[in-house]
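Notes to accompany the following structure.
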There are 2 protein chains.
Amino acid sequence: MDEASFLAGYDPRDYPAVAVTVDVVALTIRDGRLCVLLVERGAQPFAGRRALPGGFARDEPLDAAAIRELSEETGLTPGEGHLERVHLEQLKTYGDPGRDPRMRVVSVAYLAFAPSLPEPTAGSDAARAYWVPVEEATDLAFDHDEVLADGLERARSKLEYTPSATAFVGTEFTIGELRQVYAAVWGEELHAGNFHRKVLSVPGFVESTGETTARGGERGGPKAKLYRAGDARLLHPALLRPTREDRVR
Amino acid sequence: MDEASFLAGYDPRDYPAVAVTVDVVALTIRDGRLCVLLVERGAQPFAGRRALPGGFARDEPLDAAAIRELSEETGLTPGEGHLERVHLEQLKTYGDPGRDPRMRVVSVAYLAFAPSLPEPTAGSDAARAYWVPVEEATDLAFDHDEVLADGLERARSKLEYTPSATAFVGTEFTIGELRQVYAAVWGEELHAGNFHRKVLSVPGFVESTGETTARGGERGGPKAKLYRAGDARLLHPALLRPTREDRVR
DNA sequence: CGAATAGTGTCTTTAAGACATTATCGG
DNA sequence: CCGATAATGTCTTAAAGACACTATTCG
């Protein structure tokens, strides 16, 4: 029986209720570390535990619900320049019976990449939210450990094949800043010289602004050229992670 | 407000009902052509139109619902050896308001790769289902054109980085059969010699059975060595599609 | 035999990675 | 000056792609 013929004679109110929520794995880089946005839970179940931000889907597209949740939790409002540049994509949907002890909850998870955002301000509705380095984001409520792990793996993979690393930095950035994004997300240092040449050789990854930074680095070094994101949606050739042989079996 | 604190004081029966369905983009290769499983809709809306197989999610994991739908539509039962080797993965979730004219329906789409299956038999519950070459699968009900397009793009990409092409052939196969899978999914011929060497050079992609086919090809040619799927979950290095420069912008 | 296919060999080009080198800045 | 970083150069190795070629089998 297909979806529609089933629904034709079907009143969903007769069935056990299903709730649809949207959860967001929001990643950013602070002080060279990859961080995820978490909220502190107030109510049962999992009271006091940390969880991914999320909420009930209203009468809106699922993507819009994800943006709304992110906006509510960070205290940032779309239209002020902060949330516009956030990269957002659907991650995966989690719907196992029992993942919420109270009822059937189907949760559509989203993955977001953001440039370094201000810490959510106390006093706002978002006071319970804060950025946590991903290694310390363990023991989350519900199945959010798994959701986060899936999000991290997706993020690491995305950096290989797409220019989405640019979503973690400002509109203008140096190659060194971009390299720090890769280092933070992949969790390993990259060879500066080879990375530099590689990034510039991929068509459409970055384009020069003609400008340079006003000063050199904090610990010395010359001024760096500034770039902005190019028009490529895929990286050809890709920027592959250093292969760990055992990862593929 | 996060998901759980919202739900704590929330009775979903007070809200507009949301239905969760599972749709399946099931792909197979018949006569060298990539085909998708479609069903003919009987009821309104979209009566008489073709749609992807799918249905309401019951009290079961979402993956289980997808397998169940596939089983019901093809008339094949798990445990008879046909559905075991089907590769199944979650594709994407579609939940825009208005995608079903009657009510809010959130649909979790799955992508399935199957070896050539028998045409669903008339007389069974699956009589309305049949395999259609993907180029002819247009004008589908709901937003299923978009779902199918997303599924095809995912399938093409999967063949690059994973050994999932082996899910389209039998447990034992020749390199030539594998090449026909790539040709059908990517829609372009591949150089036989280079493909052959490439497949054998990727660690864990295929392993030799030591056997060969009993006969040569129908139109001539020598007996071919037989292989089975190896233990790799990712292809290193990958089998990249011939690059079309304009695809990446 | 002729056509088609399996499988291998060879060469060129491209890309990745290791490593060195030069230049420029801050302190 | 010293240490750090930006940016470029060189060399080696791996991989992709074009192409040729042999061997085998069917009709």
Side-chain angles (χ1 to χ4, degrees), chain A residues 32 159-161 169 172-183 186 188-206 208-227 232 234-245 248, chain B residues 32 159-161 169 172-183 186 188-203 205-206 208-227 234-245 248:
Chain A
L159 257 55
E160 295 189 296
Y161 304 111
V169 295
E172 301 198 346
F173 51 87
T174 67
I175 305 293
E177 289 170 352
L178 203 57
R179 177 166 44 82
Q180 285 176 37
V181 172
Y182 277 88
W186 287 350
E188 42 193 324
E189 291 308 310
L190 280 80
H191 186 286
N194 288 341
F195 180 86
H196 194 106
R197 183 166 9 85
K198 169 72 182 173
V199 166
L200 294 184
S201 76
V202 176
F205 190 1
V206 298
S208 175
T209 66
E211 308 291 312
T212 70
T213 53
R215 295 177 34 96
E218 307 216 342
R219 288 166 298 190
K223 294 169 183 170
K225 293 181 185 168
L226 285 170
Y227 298 84
L234 293 174
L235 301 185
H236 275 283
L239 251 143
L240 297 180
R241 272 178 280 189
T243 309
R244 234 187 288 291
E245 261 315 316
V248 304
Chain B
L159 258 56
E160 296 189 294
Y161 304 110
V169 294
E172 301 198 345
F173 52 86
T174 68
I175 304 293
E177 288 169 354
L178 202 57
R179 178 166 44 82
Q180 285 175 39
V181 171
Y182 277 87
W186 286 351
E188 42 193 323
E189 290 308 311
L190 281 80
H191 187 285
N194 288 341
F195 180 86
H196 194 105
R197 181 164 14 84
K198 169 73 182 172
V199 166
L200 294 184
S201 76
V202 176
F205 191 1
V206 299
S208 176
T209 65
E211 308 290 312
T212 69
T213 52
R215 295 177 34 95
E218 307 216 343
R219 286 164 300 189
K223 294 169 183 169
K225 293 179 185 167
L226 284 170
Y227 298 85
L234 292 174
L235 302 184
H236 276 283
L239 251 145
L240 297 179
R241 275 177 277 189
T243 309
R244 234 187 288 292
E245 261 315 316
V248 302

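Just so we're on the same page: letters track the sequence lines, and every chain starts at 1.
If you find the closest nucleotide of DNA chain C to A:S201 and to B:L226, the one lying nearer the 5' end belongs to B:L226. If you find the closest nucleotide of DNA chain C to A:R197 and to A:G217, the one lying nearer the 5' end belongs to A:R197. If B:P222 and B:G193 are placed on DNA chain D by their nearest nucleotide, the residue sitting closer to the 5' end is B:G193.
Atom NE2 of A:H236 and atom P of C:dA16 are 12 Å apart (whole Å). When the C1' atom of D:dC11 is taken as reference, atom CG of A:N194 falls 12 Å away, rounded to whole Å. Distance CZ (A:F195) to P (C:dG17): 12 Å, rounded to an integer number of Å. The nearest whole Å value for the distance from the CZ atom in B:R215 to the C1' atom in C:dA4 is 13 Å. Atom CD in A:E218 sits roughly 17 Å away from atom P in C:dC25 (whole-Å rounding). Per the geometry, CD belonging to B:E188 stands 11 Å off P belonging to D:dG17, to the nearest Å. Rounded to whole Å, the distance from NE2 on B:H191 to P on C:dA6 is 13 Å. Look at CD on A:E189: it is 13 Å from C1' on D:dT5, rounded to the nearest Å.
For A:K225, the listed nucleotide lying nearest its side chain is D:dA7; candidates were D:dA15, D:dA7, C:dC19.
Among the atoms of the strands shown, base atoms are found under 4.0 Å from some heavy atom of A:G221. Backbone-only contact: A:A238 has heavy atoms under 4.0 Å from sugar-phosphate atoms and none from a base.
Taking the six-membered ring where the residue is Trp, the centroids of B:Y182 and B:F195 are separated by under 6.0 Å. The ring of A:Y161 has its center closer than 6.0 angstrom to the ring center of B:Y161.
Minimum interatomic distance between B:L190 and B:R179 (heavy atoms only, all atoms of both residues): O-CD, 3.8 Å.
The closest side-chain heavy-atom distance from A:L200 to A:Y227 is below 4.5 Å.
Taking only side-chain nitrogens and oxygens, B:R219 never comes nearer than 4.0 Å to OP1 or OP2 of D:dT24. Contact annotation: B:K198 reaches the phosphate of D:dA16 (side-chain N/O to OP1 or OP2, under 4.0 Å). Remark: B:H196 is not in phosphate contact with C:dA6, judged by side-chain N or O atoms under 4.0 Å from OP1 or OP2. Considering only side-chain N and O atoms, B:R241 lies nowhere under 4.0 angstrom from the phosphate OP1 or OP2 of D:dG17. Contact annotation: B:R179 side-chain N/O to C:dA6 OP1/OP2 distance is under 4.0 Å.
If you take CG on A:L235 and OG on A:S201, they are separated by 10.0 Å, rounding to the nearest 0.5 Å.
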